[in-house]
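Working notes, beginning with the structure itself.
Since the model is a prediction, treat every value here as computed from it, not as a measurement. We name chains A, B, ... by the order of the sequence lines, and we start the count at 1 in each one.
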Amino acid sequence: MARPTPLSGFPEWLPEGRVVEQAVLDTLRRVFELHGFAGIETRAVEPLDQLLRKGETSKEVYVLRRLQAEEEGSDAGLGLHFDLTVPFARYVLEHAGKLHFPFRRYQIQKVWRGERPQDGRFREFYQADIDVVGDGELAFHHEVEVAVVVAEGFAALRELGVPPARLLVNDRVLVEALYRGLGLDDVEAVLRCIDKLAKIGPEATAELLRTEAGASQEQAAACLELAGIAADDGAALLARVREVASARGVAEEVWGAGAERLARLVDEVNARVPGVASADLAIARGLDYYTGSVFETVLEGHEDLGSICSGGRYDALASAGSHTYPGVGLSFGVSRIVSRLLGAGLVGATRAVPSAVLVAVTDEESRAASEAVAATLRTRGVPCEVAPSAAKFGKQIRHADRRGIPFVWFCGAGEDGTDQVKDIRSGEQVTADAAEWLPPAEDLWPRAVRT
RNA sequence: GUGGCUAUAGCUCAGCCUGGUAGAGCGCCUGGUUGUGGUCCAGGAGGUCGCGGGUUCAAACCCCGUUAGCCACCCCA
């Protein structure tokens, strides 16, 4: 069979890369559970009408079709989920009677999007989501809570060698009030323009605001000034907004409540994880179901990668009749993070295989003795494997070296027939008993480490 | 969906402009070292030059098409 060509956008790591990915997934899961979030998994598919409810994402949904489908139109119209928030909203509605609110859950799964892949952009990738959903109402402190969990997640990831992250926060209510206060009614259009500010610069953005959002010269300038507001604490934020808004003739009763919320959010998050969050009125977010706080996260030194953890508050995503379940959540782009860690050589694995020990085989007649040693080591929690062939010891050592296995076990190599174990990094070889010997804790399992 | 660039050994790439039937480094295998690796030395294996067609005595090289990858736009994790 000819060598298959790689499929762009569907990443596959080598075993060493998977060690790093698994470490990231494990770390996030541990942080989520430390905060008491319950784990769930939803099915990979949702009815198309559910997925397409929010319109704009339609072109990126993968449709599920049975190859031998009898006839068109007879299937239920299923698509692969493109995020975990929409399926979660459906899950909440479906299981509302059995859940306790506020319901706090995490969910780590693959999602699929049919866009053109690029550096850090995939068609199949892992998201690690946390959300809190309330029944009818959701207290503000949950917005702080999810941001804190995310901040702690990034803090934990730093131990693996992940660069520090900055949490950028904005508030839909605030910016909507401000832009309407300027006399601009198509807030969606304004946000789409503002979203490009960092990429195309102020002049081009002003031009866009005039052509796309129907802004006058003055309105465009005012938008840019507002979008330029960024602050590391609530007081500074309020002062800056007051300054710009009053100069542009937007009354405080219009924007006061939104600004107050954003200021509180930044201050309360920073009080619990110092220096991690800042307000940034240029954060727009494309998804239209957000109704309050919106979050984006960038890795320091890797701003080109874009946001690697985003989310916000949504008040109307899950509703049944007059009953609504407002929520707030954030989603880590695990694959995006991992691809950068591996691609830039920031983090690597201590070895590509789980085995801490390769048990050498002296000759095929004595393979059983080597298997017995391996079995004993395993009962004591030491991952190990037996050499594939009774090749020369030099080759068996090289076999271990290639895979990063730190120890090679020689049966009956001692003068009195005792076993010996060699640390192939130092070359040190000592007498050992499989019933008692243990490798150093840092060698027991593969780990992700800064490289 | 639109645009630009790229495709040659397992990997990274040279060769293409000015056509003459395939190269380097790394990796891999063997031996020196006759059952304890890594260094060093010597030797060796490995390529439908993405695919299809055209021009030509002759195509990795020129032309057309096609597929895939990368990047940018769009959008987003």
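In this structure, the side chain of Asp280(A) does not engage the main chain of Asn170(A) through any donor-acceptor pair within 3.5 Å. In this structure, Glu300(A) contributes its side chain and Val298(A) its backbone to no donor-acceptor pair below 3.5 Å. In this structure, Gln396(A) contributes its side chain and Val361(A) its backbone to a donor-acceptor pair below 3.5 Å. At least one donor-acceptor pair under 3.5 Å links the side chain of Arg380(A) to the backbone N or O of Glu436(A). A distance-only check finds a donor-acceptor pair linking the side chain of Thr297(A) to the backbone of Cys309(A) [under 3.5 Å]. Asp419(A) contributes a side-chain N or O that, together with a main-chain N or O of Gly412(A), makes up a donor-acceptor pair within less than 3.5 Å. At least one donor-acceptor pair under 3.5 Å links the side chain of Arg172(A) to the backbone N or O of Tyr290(A). Of the possible polar contacts, one joining the Arg313(A) side chain to the Leu138(A) backbone as a donor-acceptor pair under 3.5 Å is found.
At a threshold of 4.0 angstrom between heavy atoms, the contacts of Gly306(A) with the nucleic acid are absent. Using a 4.0 Å heavy-atom distance criterion, Lys196(A) is classed as a sugar-phosphate-only contact. When heavy atoms are screened at a 4.0 angstrom cut-off, Phe410(A) is found touching base atoms of the nucleic acid. Val361(A) comes within contact range of at least one nucleobase, with a heavy-atom separation under 4.0 Å. No engagement by Thr297(A) is indicated, since no non-hydrogen atom pair under 4.0 Å with the nucleic acid exists. Within 4.0 Å of Phe332(A), counting heavy atoms only, lies no atom of the nucleic acid at all.
Minimum atom distance to the side chain of Ala413(A) is reached by U36(B), of the listed U36(B), C70(B), C74(B). Counting only heavy atoms from C-beta on, Gln127(A) has its side chain closest to A77(B) among C75(B), A77(B), A72(B). Of the candidates U36(B), G69(B), A77(B), A77(B) carries the atom nearest the Phe122(A) side chain, counting heavy atoms from C-beta on. The side chain of Ser310(A) lies closest to A77(B), out of A77(B), G69(B), C71(B).
Taking atom CD of residue Gln420(A) and atom C1' of nucleotide U36(B), one finds them 11 Å apart after rounding to whole Å. Atoms CG (Asp304(A)) and P (A72(B)) sit 9 Å apart, rounded to a whole Å. Protein atom CG of Leu7(A) is 6 Å distant from nucleotide atom P of G69(B), rounded to whole Å. The CG atom of Asp401(A) sits 11 Å away from the P atom of G37(B) (whole-angstrom rounding). Here the P atom of nucleotide A68(B) and the CZ atom of Phe10(A) are 13 Å apart, to the nearest Å. Rounded to whole Å, atom C1' of C76(B) lies 15 Å from atom CZ of Arg123(A). Put simply, CG on Leu358(A) is 12 Å from C1' on U36(B), counting in whole angstrom units.
The nucleotide G3(B) finds its pairing partner in C71(B), both defining distances of the Watson-Crick or G-U wobble pair being shorter than 3.5 Å. With a 3.5 Å ceiling on both atom-pair distances, the Watson-Crick or G-U wobble partner of C11(B) is G25(B). As the counterpart of C51(B), G65(B) is assigned, both hydrogen-bonding distances of the Watson-Crick or G-U wobble pattern falling under 3.5 Å. Using the Watson-Crick or G-U wobble rule with both distances under 3.5 Å, G20(B) pairs with C57(B).
Aromatic ring centroids of Tyr106(A) and Phe32(A) lie under 6.0 Å apart.
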Sub-3.5 Å pairs of nitrogen or oxygen atoms, protein against nucleotides 29-34 of chain B:
from: U30(B); atom 1: OP1; to: Lys395(A); atom 2: NZ; distance (Å): 2.2

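Within residues 200-211 of chain A, no residue is approached by RNA chain B to less than 4.0 Å at the level of any non-hydrogen atom. Residues of residues 422-437 of chain A that place a heavy atom closer than 4.0 Å to RNA chain B, in numerical order, are Lys422(A), Ile424(A), Arg425(A), Gly427(A), Gln429(A).
Stacking here means ring centres nearer than 5.5 Å and ring planes tilted less than 30 degrees, and by that measure Phe125(A) stacks onto A77(B).
With P as the reference atom, C11(B) and G44(B) are 24 Å apart, rounded to whole Å. Spacing of P atoms, G32(B) relative to G38(B), comes out at 13 Å, to the nearest Å. With both ends at atom P, the span from U30(B) to C5(B) equals 46 Å, rounded to whole Å. Taking the C1' atom of each, C28(B) and G20(B) are spaced 33 Å apart, rounded to whole Å. Between A9(B) and A22(B), the two P atoms lie 15 Å apart (nearest whole Å). U55(B) and G46(B): their C1' atoms are spaced 33 Å apart (whole Å).
Pairs of residues two or more places apart, or lying in two chains, that qualify as side-chain hydrogen bond (donor to acceptor under 3.5 Å, both in side chains) and include a residue from residues 15-27 of chain A are Trp13(A)-Glu21(A), Arg18(A)-Glu21(A). For the side-chain hydrogen bond (donor to acceptor under 3.5 Å, both in side chains) condition, the pairs that include at least one residue of residues 439-451 of chain A, sequence neighbours left out, are Arg425(A)-Asp443(A).
Take Ile424(A) and apply the side-chain contact (heavy atoms from CB on, under 4.5 Å) test, not counting sequence neighbours, and it matches Ile397(A), Ala400(A), Asp401(A), Val408(A), Lys422(A).
At the phosphate of A72(B), OP1 or OP2 sits under 4.0 Å from a side-chain N or O atom of Gln118(A).
Test Trp112(A), Phe88(A), Tyr62(A) against His81(A) for ring-ring contact (aromatic ring centres under 6.0 Å, His included) and you get one pass: Trp112(A).
A donor-acceptor contact under 3.5 angstrom links the side-chain atoms of Arg336(A) to the base of C76(B). For A77(B), its base sits under 3.5 Å from the side chain of Arg113(A) at one donor and acceptor pair at least.
Nearest-nucleotide positions on RNA chain B place Arg116(A) closer to the 5' end than the other of Arg116(A) and Leu305(A).
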request  = Run the numbers on Phe332(A) and Phe154(A) for ring-ring contact (aromatic ring centres under 6.0 Å, His included), then give the verdict.
outcome  = CA-CA 10 Å; Phe332(A) 283 82; Phe154(A) 278 109; 4.9 Å; yes

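Taking the centre and axis of the six-membered ring of Phe37(A), the NZ or CZ atom of Arg104(A) falls inside the cone set by 45° and 6.0 Å.
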